[in-house]
Amino acid sequence: MDMPGAMDRARSVGGLGVGGAMPSFVQFLQNSGVYAAQNFMIVPRGGFNLVCLRDSKDVGLSYDRNRLLVEDVRLDDVERVAQEYIKTRFREQKGQERDDQLLRLRTALYATARPDGPARGLKVSPKDKGIPELKAVRRSTSIKLDVAILPRKDFTIAFKFLKHLDQSGNLINATKWTPDDVPWFLTKLNWTFGAQANIFFTPAEATWMTVRKALGPKISRDVFRKEIVPFKVRGADLTCFLVGDYDAMDNEAAGEYLPDEQVFVVVDQGNPPVFDYGEAFIGVMAHEVGHFLHHKRNIPGSGHHNRSGILLSSGMESLSLDKQLVTDLNAW
């Protein structure tokens with residue numbers, strides 16, 4: 001079964017050898033705001049996005065030059081463009097993930113920048129608003145992308161890490177996560193929502209909180225509201241609580257977002273049956289943040305859907321968004 005997220009992931013630039021007769025648009029990096037299977041990409045207002053045009057020999061580009069600026073990324077441009085692209089999406093956040101993404105992007109851009117190569121790297125910048133078309137045309141054949149020019153949204157998020165008493169009255173850490181993990185949280189959230197929907201988060205606070213009561217090995221929903229939610233950070237748009245284990249509802253098995261309080265909770269192990277290995281925890285965090293963003297748009301319902309492989313799916317999920325979810329979270 002083909003899943004939109006899986007198709008886009010498979011189409012991120014790897015080998016760039018000569019393909020078939022049909023040109024095609026593909027993303028340079030996984031989850032970077034190019035949804036080739038849906039003929040859709042996002043471009044941040046005031047910024048740019050990148051897309052690869054494979055099998056580009058004798059292909060012309062057609063677009064409204066009053067609304068878009070489309071430039072080839074040539075050899076002399078690669079370093080500057082790659083650095084600017086990564087800096088915009090990671091901001092000042094340093095780390096291995098940033099370095100890895102920069103290396104992947106530089107490598108792919110150099111491959112498409114070869115003068116006689118079969119692929120082209122395109123830098124797409126907005127000059128207006130809306131959702132103009134970008135077409136690639138070869139004789140009687142054409143493909144297109146709808147280019148959504150998205151405004152930037154910024155939110156502040158706080159992280160609170162629970163300490164409470166065990167049955168012997170000793171103060172213990174309820175969660176294996178610590179404030180030192182917050183840079184990684186933000187790196188993943190800002191790539192998931194920033195690169196794919198132009199929505200970014202900055203930290204408001206990242207501290208331990210102490211409840212001098214024995215709360216038990218699994219935090220109940222009532223205890224969470226009564227004893228923990230009052231520690232939310234006033235002035236932050238959203239507060240995330242790390243409490244170890246939590247008695248979530250069946251449809252939110254590893255976390256919960258409370259729209260009336262603008263807070264959410266995530267269990268330490270995440271939800272391995274729903275997310276791929278390595279994404280089980282951060283996937284649940286992104287899922288709950290997705291509920292927050294959905295709520296901020298005043299859209300009815302929880303935001304759950306049946307598009308397998310996409311964030312907020314009622315079935316299997318990933319960190320991938322799709323055209324419909326981008327539309328729900330940040331309209332152009």
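- With a 4.5 Å cut-off on side-chain heavy atoms, Leu162 and Leu242 do not count as touching.
- Here the straight-line distance linking atom CZ of Phe292 with atom CG of Leu329 works out to 11.0 Å at 0.5 Å rounding.
- The two residues Ala214 and Gln167 come nearest to each other via the heavy atoms CB-NE2, 4.0 Å.
- Distance alone, capped at 3.5 Å, places no donor-acceptor pair between the Thr239 side chain and the Ala158 backbone.
- In summary, Arg297 and Asp328 do not engage in a salt bridge, as defined by a charged side-chain N under 4.0 Å from a carboxylate O.
- Of the possible polar contacts, none joining the Arg106 side chain to the Val78 backbone as a donor-acceptor pair under 3.5 Å is found.
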inquiry  = One pair to check against side chain to side chain donor-acceptor pair (under 3.5 Å): Gln324 and His305. What are the steps and the verdict?
reply    = CA-CA 10 Å; Gln324 183 58 57; His305 57 79; over 6 Å; no

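- The two residues Thr112 and Cys52 make their nearest non-hydrogen contact at CG2-SG, 3.9 Å.
- Side-chain contact annotation: Gln101 with Arg104, donor-acceptor N/O pair under 3.5 Å present.
- Considering CG of Leu75 and CZ of Arg114, their distance stands at 10.0 Å, rounded to 0.5 Å.
- Formation of a donor-acceptor pair under 3.5 Å by the Ser220 side chain with backbone atoms of Val223 is found in this model.
- Under the 3.5 Å distance criterion, the side-chain polar atoms of Gln196 are matched with a main-chain donor or acceptor of Leu319.
- Checked options Phe231, Tyr246, Phe264; the residue passing with Phe224 is Tyr246 (criterion: ring pair (Phe, Tyr, Trp, His ring centres under 6.0 Å)).
- Atom-to-atom distance recorded for Ser314:OG and Arg307:CZ is 10.0 Å, nearest 0.5 angstrom.
- Here the two rings, on His291 and His295, have centers that are 6.0 Å apart or farther.
- No side-chain heavy atom of Lys163 sits under 4.5 Å from any side-chain heavy atom of Met209.
- When each of Leu50, Val51, Leu145 is checked for a side chain to side chain contact (heavy atoms under 4.5 Å, CB included) with Leu122, only Val51 meets the rule.
- Across Trp184, Phe90, Phe201, Phe200, a single residue satisfies ring pair (Phe, Tyr, Trp, His ring centres under 6.0 Å) together with Trp191, and that is Phe90.
- Using a 3.5 Å distance cut-off with no hydrogens or angles, the side chains of Gln262 and Tyr257 do pair a donor with an acceptor.
- Residue Ile172 holds its CD1 atom at 9.0 Å from CG of Leu215, rounded to the nearest 0.5 Å.
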request  = Start with the C-alpha gap between Val34 and Val26, add the side-chain angles, then the distance that decides, and say whether side-chain contact (heavy atoms from CB on, under 4.5 Å) holds.
outcome  = CA-CA 7 Å; Val34 176; Val26 295; over 6 Å; no

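- Interatomic distance, CZ of Arg212 versus CG of Leu171, reported as 5.5 Å (0.5 Å rounding).
- At least one side-chain heavy atom of Leu150 sits less than 4.5 Å from a side-chain heavy atom of Val326.
- One N or O on the side chain of Asn49 and one on the backbone of Ile42 form a donor-acceptor pair closer than 3.5 Å.
- Leu312 approaches Glu317 most closely through the heavy-atom pair N-OE1, 2.7 Å.
- By the 4.5 Å heavy-atom criterion applied to side chains, Val124 and Val147 are counted as neighbours.
- Between Asn330 and Pro151 there is a side-chain heavy-atom pair separated by less than 4.5 Å.
- Taking the ring axis of Tyr85 as reference, the NZ or CZ atom of Arg89 stays within 45° of it and closer than 6.0 Å to the ring centre.
- Glu279 and Lys188 are not joined by a salt bridge, as no carboxylate oxygen comes within less than 4.0 angstrom of a charged side-chain nitrogen.
- Between Met22 and Ile143, the closest side-chain pair of non-hydrogen atoms falls below 4.5 Å.
- Judged by the 6.0 Å distance and 45° axis criteria, Arg65 is positioned over the aromatic ring of Tyr63.
- Contacts of Phe161 classified as ring pair (Phe, Tyr, Trp, His ring centres under 6.0 Å), with partners at least two apart in sequence or in another chain: Trp208.
- A salt bridge between Asp77 and Arg74 is absent, with no side-chain N of the basic residue lying under 4.0 Å from a carboxylate O of the acidic one.
- Placement of Leu186 and Val233 in two distinct hydrophobic clusters is found when ILVMFWY residues are connected by side-chain heavy-atom separations under 4.5 Å, directly or transitively.
- Annotation: salt bridge (Lys or Arg N to Asp or Glu O under 4.0 Å) contacts involving residues 30-45, sequence neighbours excluded, are absent.
- Here the closest heavy-atom approach between residue Pro126 and residue Pro44 is recorded as CG-O, 3.5 Å.
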inquiry  = Assess the residue pair Glu261 and Arg225 against the criterion (side-chain contact (heavy atoms from CB on, under 4.5 Å)); give the C-alpha distance rounded to whole Å, side-chain angles, the decisive distance to 0.1 Å, and a yes or no.
reply    = CA-CA 9 Å; Glu261 295 284 359; Arg225 277 194 176 271; 3.9 Å; yes

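- Distance alone, capped at 3.5 Å, places no donor-acceptor pair between the Asp247 side chain and the Ile219 backbone.
- For the pair Lys123 and Phe48, the cation-pi test (distance below 6.0 Å, angle within 45°) is passed.
- Inter-residue side-chain proximity for Leu109 and Leu105 is flagged as met; some heavy-atom pair is nearer than 4.5 Å.
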request  = Apply side-chain contact (heavy atoms from CB on, under 4.5 Å) to the pair Val137 and Thr141, showing each step before the final yes or no.
outcome  = CA-CA 6 Å; Val137 182; Thr141 301; over 6 Å; no

task = Any chance you could lay out the side-chain contact (heavy atoms from CB on, under 4.5 Å) test for Lys153 and Leu293, step after step, and finish with the verdict?
result = CA-CA 10 Å; Lys153 290 186 176 182; Leu293 295 172; 6.0 Å; no

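- Between the side chains of Thr207 and Lys160, at least one donor-acceptor pair of N or O atoms lies under 3.5 Å.
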request  = Check the pair Ser320 / Asn31 against side chain to side chain donor-acceptor pair (under 3.5 Å), numbers first and verdict last.
outcome  = CA-CA 6 Å; Ser320 296; Asn31 297 339; 2.8 Å; yes

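- Asp268 and Thr175 form a side-chain donor-acceptor contact under 3.5 Å, judged by distance and modelled atom types alone.
- Residue Ala136 comes nearest to Phe25 through the heavy atom pair CB-CZ, 3.8 Å, listed as atom of the first residue, atom of the second, then distance.
- Among residues two or more places apart in sequence or in another chain, the side chain to side chain contact (heavy atoms under 4.5 Å, CB included) test is passed with Glu133 by Lys135, Lys144, Asp146.
- No side-chain donor-acceptor contact under 3.5 Å links Thr202 to the backbone of Thr156.
- Side chains of His304 and His294: no donor on one and acceptor on the other come within 3.5 Å.
- Taking the charged nitrogens against the carboxylate oxygens, Arg120 and Asp55 have no contact shorter than 4.0 Å, which rules out a salt bridge.
- A 6.0 Å sphere centred on NZ of Lys129 holds no more than 12 heavy atoms belonging to other residues, nucleotides or ligands.
- Two residues are said to be in side-chain contact when any heavy atoms from C-beta on lie closer than 4.5 Å; Asn170 and Leu165 fail this criterion.
- The line from CG of Asn198 to CG of Asp154 is 8.5 Å long, rounded to the nearest 0.5 Å.
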Chi angles and distances behind the ring-ring contact (aromatic ring centres under 6.0 Å, His included) call for Phe281, Phe185 = CA-CA 10 Å; Phe281 169 78; Phe185 298 167; 5.6 Å; yes

